[in-house]
Trainee: 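My questions will all concern the structure given below.
Letters A, B, ... mirror the listed sequences (proteins, then strands); counts begin at 1.
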There are 2 protein chains.
Amino acid sequence: MQVKYPALLQSGFAIYQQAGKHGKLCLIIYNLQARLPMTPETIKVACSNCNLRELCMPVGLNRDELQKLDDVVANRRKVAQGEPLYRNGDPFTSLYAIRTGFFKTSVSSEDGREQVTGFQMAGEIIGLDGITSDRHNCNAVALEDAEVCVMPFANIEHLSREFPVLQRHVHKIMSREIVRDQGVMLLLGNMRAEERLAAFLLNLVQRLHARGFSRSEMVLRMTRDEIGSYLGMKLETVSRTFSKFSEENIIEVKQRWVKILQPEALKKIFNPDSCN
Amino acid sequence: MQVKYPALLQSGFAIYQQAGKHGKLCLIIYNLQARLPMTPETIKVACSNCNLRELCMPVGLNRDELQKLDDVVANRRKVAQGEPLYRNGDPFTSLYAIRTGFFKTSVSSEDGREQVTGFQMAGEIIGLDGITSDRHNCNAVALEDAEVCVMPFANIEHLSREFPVLQRHVHKIMSREIVRDQGVMLLLGNMRAEERLAAFLLNLVQRLHARGFSRSEMVLRMTRDEIGSYLGMKLETVSRTFSKFSEENIIEVKQRWVKILQPEALKKIFNPDSCN
DNA sequence: CAGGATATTTGACCTGCATCAATGCACCTG
DNA sequence: CAGGTGCATTGATGCAGGTCAAATATCCTG
């Protein structure tokens with residue numbers, strides 16, 4: 001068996017050349033991470049060969065477990081920019097793991113005021129809000145063209161009865177969301193505009209960095225209005241606060257593009273005690 | 001078999017007189033709800049004969065399931081007023097079902113600002129914040145003498161692998177907390193002081209009413225400061241807003257005692273469209 | 001590439017709530 | 001029951017951020 005395209009190895013895949021039936025040569029794509037050859041099925045939709053796996057799935061699974069885990073994902077779904085993945089009131093059937101793209105989730109009061117409850121990126125799980133009432137309790141809208149893995153919740157519950165490690169993982173994801181939401185409550189209830197925006201920028205760039213992007217530069221996927229809605233302030237205040245940070249040489253801003261020049265200064269604004 | 005104390009029936013229990021061993025007469029306490037006679041064990045700590053069961057446990061279980069469910073509760077724990085049930089950073093081992101009393105949960109920023117994230121009463125489950133990191137991520141403090149059922153999370157996970165209905169229930173409870181938190185985010189991000197307080201009072205009295213208390217009167221268990229921390233406003237503003245509602249004859253207030261005179265007016269403040 | 005729609009920035013002004021301060025009320029304890 | 005302590009109320013004043021408005025910048029589409 002001969003390895004073709006050695007340069008591909010660092011991506012986690014290898015392509016072997018092998019004699020197939022009838023003496024023909026054929027290529028086998030081999031997933032190094034999962035230690036599995038890839039069949040048409042695993043190529044179609046498979047966690048076992050997904051490079052985001054560490055972000056949305058439990059770690060430390062063996063081959064068999066990994067292969068079974070592929071069953072939680074029913075299929076993939078593309079969502080165009082501006083389109084909802086689900087809306088408040090939609091029947092709940094599945095959780096979604098974001099493969100590519102960027103989402104916002106929001107709730108709104110009866111009289112139409114919108115509160116953005118979060119921004120989600122690749123590897124994050126959305127849809128947890130729907131479990132209580134079998135209907136979604138918020139809206140999830142793609143801020144750029146996106147693709148998600150559809151994970152029917154019935155599958156998740158079924159498999160997590162079989163795999164304690166998956167069960168624990170699901171619980172952790174939900175608990176993490178609760179803790180995150182309570183952090184936002186702290187932000188909204190106690191912090192001033194500058195502190196909120198500093199926290200927001202630090203959080204965003206940290207999550208992007210964990211996905212292999214720069215730790216200082218980013219292109220925001222959301223409008224000033226959406227940032228403001230998330231942080232409980234008006235879009236003008238968001239813009240002014242950006243400008244203020246910029247004047248102080250803490251960041252550089254040009255519309256949606258933001259570069260953090262002094263991360264320490266941002267941390268100090270967010271938490272004055274952190275630098276002692 | 002002869003029913004003694006018929007007046008007791010409406011409480012959900014019956015006491016029968018029966019001939020026991022050696023010809024002696026003995027009394028059997030019978031739980032009508034669970035359709036189980038009560039053994040010394042079930043009297044000690046048992047969900048099957050707990051009148052809060054509908055609040056914290058799944059409904060529609062049969063006898064056997066109910067009896068097994070009793071195993072999730074390891075023991076009970078009393079918490080005196082002002083004492084923490086757990087603190088931020090404590091190792092996470094268990095969820096707690098509140099039997100009696102009243103709690104607040106809070107997170108705080110490094111520089112000491114506190115955000116109350118919720119108030120919890122009988123039948124509600126606390127501790128979910130600890131699952132992500134195996135350490136608690138907030139503080140839970142009793143606002144009055146309280147008693148909780150300690151449910152080791154290992155027991156819960158073990159049993160919910162066996163009982164899909166329990167598994168689903170746990171998921172729903174966590175999802176409900178996520179949805180609740182997002183509602184608070186809406187409150188904090190978009191509402192004005194009067195709207196926040198109106199929403200707070202309506203929510204509180206509704207939950208108390210679901211537990212058999214008045215739908216219009218209540219005694220607040222928390223200080224103005226704690227209400228303010230929860231609602232993202234200063235205690236003076238809380239007090240002023242109470243006074244304003246009182247002047248408008250929407251409520252009657254005397255310190256911690258509150259009577260809602262015009263629930264419709266409160267609903268209208270909270271949501272101006274709700275009365276059309 | 002014109003022209004319109006949408007997003008962002010900036011300025012001027014205003015208001016809801018915070019802040020500071022004093023007083024009042026309820027409850028506890030010696 | 002006097003005096004202390006913690007909590008609640010109320011008043012006076014200030015300011016962070018909201019509101020309104022106008023100018024730019026960017027993007028989309030025919």
Trainee: When the distance from CD of A:Glu236 to P of C:dA12 is rounded to whole Å, what number comes out?
Mentor: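 Checked: the CD to P distance equals 15 Å.
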Trainee: Between atom CZ in B:Phe245 and atom P in D:dT9, what is the gap in whole Å?
Mentor: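 In whole Å, D:dT9 P lies 14 Å from B:Phe245 CZ.
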Trainee: Considering only heavy atoms from C-beta outward, does the side chain of A:Ile227 approach that of A:Phe200 to under 4.5 Å?
Mentor: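 Of all side-chain heavy-atom pairs linking A:Phe200 with A:Ile227, at least one is under 4.5 Å.
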Trainee: Would you please classify the geometry between the B:Tyr86 ring and the B:Tyr96 ring as parallel, tilted or perpendicular, with 30° and 60° separating the classes?
Mentor: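 Judged by the thresholds at 30° and 60°, the geometry between B:Tyr96 and B:Tyr86 is parallel.
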Trainee: Find the distance A:Trp257:CH2 to C:dT9:C1' and express it as a whole number of Å.
Mentor: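 The answer, rounded to whole Å, is 17 Å.
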Trainee: Of the listed nucleotides (D:dT9, C:dT19, C:dT10), which one gets closest to any side-chain atom of B:Ser243?
Mentor: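 Side chain of B:Ser243 sits closest to D:dT9.
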Trainee: Can you check whether B:Arg256 has a side-chain N or O nearer than 4.0 Å to OP1 or OP2 of D:dA8?
Mentor: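 For D:dA8, OP1 or OP2 has a side-chain N or O of B:Arg256 closer than 4.0 Å.
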Trainee: Just N and O in the side chain of A:Thr237: are any of them under 4.0 Å from OP1 or OP2 of D:dG17?
Mentor: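 Result: no.
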Trainee: Rounding to a whole Å, what distance do you find between B:Ile251:CD1 and D:dA8:P?
Mentor: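 Answer to the nearest Å: 14 Å.
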Trainee: Looking at A:Glu226 and A:Lys104, is there a salt bridge between them, counting it only when a charged N and a carboxylate O are closer than 4.0 Å?
Mentor: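 Yes, charged N to carboxylate O under 4.0 Å.
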Trainee: Assess whether a salt bridge exists between A:Lys244 and A:Glu248, defined as any Lys/Arg side-chain N lying under 4.0 Å from an Asp/Glu carboxylate O.
Mentor: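 The answer is yes: the pair qualifies as a salt bridge.
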Trainee: Between the side-chain atoms of A:Arg240 and the base atoms of C:dG11, is any donor-acceptor pair under 3.5 Å?
Mentor: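 Side chain to base: pair found, below 3.5 Å.
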Trainee: Please report the distance, rounded to the nearest Å, between CE in B:Met222 and C1' in D:dG6.
Mentor: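 Value for this atom pair: 18 Å.
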Trainee: When the distance from NZ of A:Lys254 to P of D:dT26 is rounded to whole Å, what number comes out?
Mentor: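 Nearest whole value for this atom pair: 6 Å.
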Trainee: What protein N or O atoms touch nucleotides 23-25 of chain D N or O atoms at under 3.5 angstrom, if any, and at what distances?
Mentor:
none

Trainee: Are A:Glu114 and B:Leu186 close enough that some pair of their side-chain heavy atoms sits under 4.5 Å apart?
Mentor: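 Heavy-atom side-chain distance check fails, nothing below 4.5 Å.
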Trainee: Is there a residue in residues 223-235 of chain A whose heavy atoms reach under 4.0 Å of DNA chain D, and which residues are they?
Mentor: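 Going residue by residue through residues 223-235 of chain A, the ones with a heavy atom under 4.0 Å of DNA chain D turn out to be A:Gly232, A:Met233, A:Lys234.
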Trainee: Whether A:Arg224 engages the ring of A:Phe242 as a cation-pi pair (distance to the six-membered ring centre under 6.0 angstrom, angle to the ring normal within 45°) should be assessed.
Mentor: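 Positive - A:Arg224 is close enough to the ring of A:Phe242 and near enough to its axis.
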Trainee: Under a 4.0 Å threshold between the charged nitrogen and the carboxylate oxygen, would A:Asp129 count as salt-bridged to B:Arg176?
Mentor: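 Looking at B:Arg176 and A:Asp129, the cut-off is not met.
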Trainee: Check B:Glu124 with B:Arg211, please: is the shortest side-chain N to carboxylate O separation under 4.0 Å?
Mentor: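 Between B:Glu124 and B:Arg211 there is a salt bridge, with a charged N closer than 4.0 Å to a carboxylate O.
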Trainee: What is the distance from CD of B:Glu194 to P of C:dT15, rounded to the nearest Å?
Mentor: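 Rounding to the nearest Å, CD of B:Glu194 and P of C:dT15 are 16 Å apart.
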Trainee: Would you call A:Arg113 and B:Glu195 a salt bridge, taking side-chain N to carboxylate O under 4.0 Å as the test?
Mentor: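 Salt bridge flag = yes for B:Glu195 with A:Arg113.
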Trainee: Figure out the CD/P separation between A:Glu144 and D:dC27, and round it to whole Å.
Mentor: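 A:Glu144 atom CD is separated from D:dC27 atom P by 15 Å.
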